[in-house]
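Working notes, beginning with the structure itself.
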Amino acid sequence: MIERVAVIDFETTGITPGREGRATEIGIVMLEGGVIVDRFQSLMNAGVRVPPMIEQLTGISNAMLRAAPPAAGVMRDAANFVGRTPLVAHNASFDRKFWDFELAQCDLARTQDFACTLLLSRRLLPQAPDHKLGTLTRWAALPATGRAHRALADAEMAANLLLHLGQTMARSCRQPVTHALLCKLQAVTAAKVPQFLQQH
DNA sequence: TGCCAGGCCCTCTTTAGGGCCTT
């Protein structure tokens, strides 16, 4: 992939944004020309408690969040870092709703589309044992990036997966693999993927 | 009171149900 894309990952206190679900950490990896050219990572304090199960999962504790900068400032910095760059995430429907929610808390709004490495890997890597980010990373022998379930390590894992998906796609289609083409591919049904690749 | 995510995708489907994936 030649164009610049921002791969994003949130750690949160729950599944749904709102009173019980707030972001606790954000990690962003900027890809350009198929290589990582910049990184953004920060814990963020939204004034909520981390449930024990989530603390166990992510290693992010209430003590760590008490010392973290306020969520609104972190989101403004993250939005400035991303600008209008197209976004990518693994299971983007999850990160998109937290990105939109946390931006809305500081009166900002998203301007770009999300591509989803989960939808794309289901279409391009149907033979994988499952489509969890960690499984795909091991299965495709992608580089280890650090502790799973920390935002920057997961964003970097998703970035490596995106590059792998781009290479897989480039072998089957004639057009350059762009964010817009990935968004088109993720919108077709799995059965129509071979036809889509032939036509592009 | 009782509920408690939601979008995607497959199939023993489409007047539906259940599993996957994210924290």
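Quick note: numbers below take in every heavy atom, side chains included, and nothing from hydrogens, waters or symmetry partners. In this text the structure is predicted, and so the values were computed from the model without any measurement. Convention: sequence-line order gives letters A, B, ...; per-chain numbering from 1.
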Worksheet item: Taking atom types as modelled and ignoring hydrogens, do the side chains of A/Thr58 and A/His149 form a donor-acceptor contact shorter than 3.5 angstrom?
Response: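 A/His149 and A/Thr58 do not have a side-chain donor-acceptor pair below 3.5 Å.
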Discussion item. Angle between ring planes, A/Phe196 versus A/His200, binned at 30° and 60°: parallel, tilted or perpendicular?
Written reply: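 A/Phe196 vs A/His200 ring planes: parallel.
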Practice prompt. Indicate yes or no: at least one non-hydrogen side-chain atom of A/Phe81 is less than 4.5 angstrom from one of A/Asp38.
Written response: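 Touching, per the 4.5 Å side-chain cut-off.
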Practice prompt. Answer with base, sugar-phosphate or nothing: what part of the nucleic acid does A/Ala190 contact at a heavy-atom distance below 4.0 Å?
Written response: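 Sugar-phosphate, backbone atoms only, no base.
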Worksheet, complete the sentence: Going 5' to 3' through nucleotides 17-23 of chain B and flagging B where a protein heavy-atom sits under 4.0 Å of the base, S where only the sugar-phosphate is that close, and - otherwise, we get ---BBBB
Distance between [atom1] atoms of [N] and [M] (Å, rounded):
{"N": "B/dG18", "M": "B/dT13", "atom1": "C1'", "answer": "12 Å"}
{"N": "B/dC10", "M": "B/dC3", "atom1": "C1'", "answer": "28 Å"}
{"N": "B/dA16", "M": "B/dC12", "atom1": "C1'", "answer": "11 Å"}
{"N": "B/dT23", "M": "B/dG6", "atom1": "C1'", "answer": "14 Å"}
{"N": "B/dC4", "M": "B/dG19", "atom1": "P", "answer": "16 Å"}

Discussion item. Atom CD of residue position A/Glu20 - does it have more than 12 heavy atoms of other residues, nucleotides or ligands inside 6.0 Å?
Written reply: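 Incorrect, the count does not exceed 12.
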Worksheet item: For atom CZ of A/Arg147, is the number of surrounding heavy atoms from other residues, nucleotides or ligands below 6.0 Å larger than 12?
Response: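 Check passes, neighbour count above 12.
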Discussion item. With a 4.0 Å cut-off on N to O distance, would you call A/Glu25 and A/Arg150 a salt bridge?
Written reply: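 Between A/Arg150 and A/Glu25 there is a salt bridge, with a charged N closer than 4.0 Å to a carboxylate O.
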